[in-house]
Amino acid sequence: METVATAVEREPRTYLNVDHTLKSWLLTEDHKRIGILYLIVITIFFAIGGLFAALIRIELTTPAGDLVESSVYNRLFTGHGIIMVFFFLIPSIPASLGNFLIPLMIGAKDVAFPKLNLLSWYLYVIGGSMALTAIIYGGIDTGWTFYVPFSTGYASGMVMLTLVGIFINGFSSILTGLNFMVTIHRMRAPGMTWFRLPLFIWSLYSTSLIQVLATPVVAVTLLLAALERGLHIGIFDPALGGDPVLFQHLFWFYSHPAVYIMILPAMGVTSEIISTFSKKEPFGYSFIALSSLAIAVFGFIVWGHHLFVSSQSVYAGMVFSILSYLVAIPSAIKVFNWVSTMYKGSVELTTPMLYGIGFIGLFTIGGLTGLFLASMGMDVHLTDTYFVIAHFHYIMVGGAIMGFMGGLHFWWPKITGKLYSETWARLSAIIIFLGFNLTFFPQFILGYMGMPRRYHVYAPEFQVFNVLSSAGASVLGLGYALPLVYFLWSIFFGKKAPANPWGATGLEWQIQSPPLPENFEITPVITEAPYHYAPSEEVVHVG
Amino acid sequence: MEQKSIQFFPEQASTIAHSVDGLYLYLVLVTAFFSILIATLIVIFAVKYRRRADTPTPKAVHGGLWLEITWSVIPLGLSMVMFAWGASIFFTESRPPADSMEIYVTGKQWMWKIQHMEGQREINELHIPVNRDIKLTMTSEDVIHDFYVPAFRTKSDVLPGRYTTEWFHATKTGAYHIFCAEYCGTKHSGMIGTVYVMEPQQFDAWLSGGGGTGTLAQKGEALFSQLGCVTCHQATADVKGRCPNLHGIWGRPQQLTTGASVTVDAGYVSESILNPSAKIVAGYENIMPTFSGLVTAEGVTELVEYVKSIGPAPGAPGSAPAPAAKGAPAAKGAPAAKAAPAATVKP
Amino acid sequence: MSNHPDHIVPVRVYIFVFLALMVFTVLTVYAATIDLGRYNIVLALVIACIKASLVIMFFMHVYYSSKLTKAIVIAGLCTLMILFFFTLTDLATRGALQGTTDWVGVPGR
Amino acid sequence: MASHSVTLRHHFENAEQQKDASTIGMWMFLVTEIMFFGGLFMAYIAYRGAYPEAFAAGSEKLNIVYGTINTLVLICSSLTMAMAVHSAAVGKKKMIVLFLILTLILGGVFLGIKAVEYHDKYVGHEIPGVNFHPEIDGHPNVAVQNVSLYFALYFGMTGLHAMHMIVGVGMISFLIFKASRGAYTAEWHTPVELFGLYWHFVDIVWIFLFPLLYLIDLHQGR
């Protein structure tokens, strides 16, 4: 990694240059190195998932199925779904940025169980390679939701290998969540009370809560589906009296909280970025913190809005519909508080801030379109159409990936000790923002016109918007390619990063970048609230 | 569908289409309002409070409880309107009116098989009269499908092992898309069709024109004897055979050996055909063989219609000396005379 | 109870809890032989819950351990109840309005 | 508490923080296990509600004596495990090994009985998917398919439980090996304690499995 050997003595000891052997990387117990290992594998999976997305968009420029056959198209969108959901979005922020930053931000030397942390990475790699082998051997055509009885009786391809791969990957998520919760509970620096924690830690704590409580249910559900497909013991087989809707209940019991696993860390990153680049304490700190927890808790009682039309009873539908609106309130509180933080701040539009603002705008649209789908009468028309595709891409790409990119840019100097080039980064942020909107906004209109999702061949009147969407996808693809270039460039040729390039107040910015292997020479003692920009006596009290 | 200018809305061809579009408009307005509000605020603050060399460090702002409450209560209020409006639409959508015209739909991997009461069979096409409540009773032979007509704004999953219903009241004639909206395999995007909404006269002409070999109930009766059901279940009311008599049992509670009672409906009759040992009528043994594998989904619907059409026993209350099968749906325009010779139907 | 991390639980407590569990096991088997109709399952679950809480409280020292441990146990059980309760709101009332009932058997299979 | 003999990991401030962290970590792991079994219990509730007679018919084929003995065996193993943790806490190294061996034996007995039961099921053609045709004559209102649901759940739940037992037996042997070398002192016996939590959890799962699977409608007489 380092250039000239002689330079090593002059350089301070960091977690990067303390040891260069491959073994030191592959058997490391240092949370920072494990965070980087995750970052590398996550980027690979993001590239693969993005490739599938590109192929899908190319195919959908024409109503007829003329690029690939239907069976291949089904494998494309299944591959895109599985890779993006299970192997990119869920581990992206918690496992890479979370692993790297949680001990730094709470003043700890490492996470609570370092060996378990390394095991989680290996489980993630093993699960990922199993799913990848299934895809290389032709992929599967079940869709990322594995609905029964299709996935257990009629699907083709190595479905069981994929199911077991996701099952193993699920344990990586569970153990990471467990590790973070124990770390945050028991390893905070002296004086770091709960309400002195940075908001990023609050959002990761809520994420870990969901990871620990929800993931096991989908683990057992996918295991049952694999057993039913392999051994023909019909748990969900309607011919034996099994209930396919029970599978949907157990699947969505996890998969809805899973979307909060994806968005909560991005919210945490945005709280940090907005506060740093407005040079102001976040407005309503405790409201933002508690709404993270509220989202995590409410996230468990709303999954039924995925089943409105799947012969779920009307009464259950009503219960789930009204509760789905409750879960929207904390998100609204967060958005309003972020914007109020910028009020009377001193705003600096660096790249992370661009991603932060982009996140707020797109997440607002994504969240509000979710309210369409929570209303039962509207959902009957809109579910399983491109409206749903647009909604969750606004949340996941507009929200989670914007947050991930923002966090990556914000903490890049701390992780690598190098500065990336601001101009290129701002350019790619704007390209991503424009490309994203051009890709997914037309899909709202497609959805209301009734174009169903997962369609290889579609009616001719939908073509106009599909062409717009495919055009946007190419711009988005370019936008995502740029960071790869200038980040790699910055590792080798970037300027040396100071300890605190952005003037932020977090604990992680008080130490050298890249940090020491043991993070802090002496464990810091916390005496005042976080985000301490202005002297504490000049505080304005609003009614 | 002729190629019109760019559409943003599917046609409004059913009664609930207007209210669904109204709710859509309300939701779009709320979304547009808040998105624009947030976007403009961000741009204003980003420009107005941009960091200049001389700006002092901004002071921290605490408190603001009332502000937080207002921007929690207002979104909650708006949401409850969305919930109530959506729930009311869903409520009307999930309760088919009693007198609606019944049509059976069977989803099979990558085609829609439709059976009219008058015996017409269609693949991937559905002819219905305009301004009439139509109720679809749907089931699937393999995986989960979803019968979705964007122009009517209705969709409902079609599950194997269960009947699900969907109803609509077409208000505009024309041809509209049918899509399968639940991923069901390779030709999922090919499992499409067309709904032809026709004037009542046209519909009747079409109905009688089709080479119908008797109503669904009559086909059911033919199948009833062909499969040998008639040997046990005598159509005549008086003989108490080894099997429960099917006279007039439709809609009435049936006492089971476990003491529980179940009302005779499409689900119970289908289950008794495909899986007889699941529910045994009180006073009878579990001797009926299973017919699953021997009868297709259309056959099951025909038998269900036949059981529905067997009138109560002549002496039994409520029975009328019906010349034609009592339960045969007298679709308004269906010429009753066309029924098959009375002999086979006389109870 | 004190938050002393390593509270030594006296042996007699273990013996007492052990005997209680034995008695409850015999009780639940015996209770199953009496016909209480629908309440058989309720009684069986009540006894099982008592036995489980005995094991949790005394064998697993939760009675003596920190509030955080108790909170974790409660959080787990509440999530489980959420799963059961909300799934049953659907399963118990399915088809109540549309009048469609489940049936066993798929034609042609 | 003298911490010189405790192997303190570098990132912990003191031994108490390390022990507290590992106890909480273990409890969170047990919560994930609760949810893991919870998915199966949900399927059980759903299907027992839908097909009560089929579950009664299926449950009739199980051997109550084996089930009861297994429950008593597991409760005894819970006691011996608790005593092992107790003797570790008071520093009686010999007793730790004794009680762990007792727990191992009881675990083995449980798995042995389970193996016998599974064999009986195999002989009685009660394993779904493997030419499944159990004799359920006494019950009129029962479809064979629904009984296969019962047995699918039976094998799912008890199979998963048995796997947890096998993992437990494996870990006990490791603990016995370490304890016999005197690794666990009064100051540091966290592995024994954490394994105790795991073992008691597995016992609790069986406490619920036994009545739910074996004791359905016993009153109709076998």
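Just so it is clear: chains get the letters A, B, ... in the order the sequence lines come, proteins before strands, and each one is counted from 1.
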Heaviest contributor of heavy-atom pairs below 4.5 Å to chain A, chosen from Ile24(D), Leu160(D), Ile34(D), is Ile24(D)
With a 4.5 angstrom heavy-atom cut-off, which part of Phe247(A) approaches chain D: side chain, backbone, both or neither?
neither
Only pairs under 3.5 Å, no angle test: what donor-acceptor pairs are there between chain A and chain D?
| residue | atom | partner | partner atom | Å |
| --- | --- | --- | --- | --- |
| Glu29(A) | OE1 | Arg9(D) | NH2 | 2.9 |
| Val111(A) | O | His11(D) | NE2 | 3.4 |
| Ala112(A) | O | His11(D) | NE2 | 2.9 |
| Arg186(A) | O | Gln17(D) | NE2 | 2.8 |
| Arg186(A) | NE | Asp20(D) | OD2 | 2.6 |
| Arg186(A) | NH2 | Asp20(D) | OD2 | 3.3 |
| Ile235(A) | O | Tyr47(D) | OH | 2.5 |
| Leu240(A) | O | Asn146(D) | ND2 | 3.3 |
| Gly241(A) | O | Tyr51(D) | OH | 2.6 |
| Asp243(A) | N | Tyr47(D) | OH | 2.9 |

At a heavy-atom separation under 4.5 Å, does Ile174(A) approach chain D through its side chain, its backbone, both, or neither?
side chain
Does any backbone or side-chain atom of Leu224(A) lie under 4.5 Å from a heavy atom of chain D? Answer side chain, backbone, both or neither.
side chain
Side chain proximity check, Ile201(A) to Ile102(A), heavy atoms < 4.5 angstrom:
yes
What part of Ala46(D) lies closer than 4.5 angstrom to a heavy atom of chain A: side chain, backbone, both or neither?
side chain
Least distance between heavy atoms, Val212(A) atom then Leu178(A) atom:
CG2-N, 3.4 Å
Engaged part of Phe29(D) at the chain A interface, taking heavy atoms whose separation is under 4.5 Å:
both
Closest non-hydrogen atom pair, Met192(A) against Ile106(A)
CE-CA, 3.7 Å
If I measure from the heavy atoms of chain D, does Val111(A) come under 4.5 Å with its side chain, its backbone, both, or neither?
backbone
What part of Leu250(A) gets within 4.5 angstrom of chain D, counting heavy atoms only: side chain, backbone, both, or neither?
side chain
Could you tell me which residues satisfy ring pair (Phe, Tyr, Trp, His ring centres under 6.0 Å) with Phe171(A), sequence neighbours excluded, listed by chain and number?
Phe167(A)
Compare every heavy atom of Val245(A) with every heavy atom of Ser310(A), then report the nearest pair and how far apart it is.
O-CG2, 3.5 Å
What residue in Ala219(A), Pro114(A), Gly234(A) has the most heavy-atom pairs under 4.5 Å with chain D?
Pro114(A)
Please flag which part of Ala108(A) lies under 4.5 Å from any non-hydrogen atom of chain D: side chain, backbone, both or neither.
neither
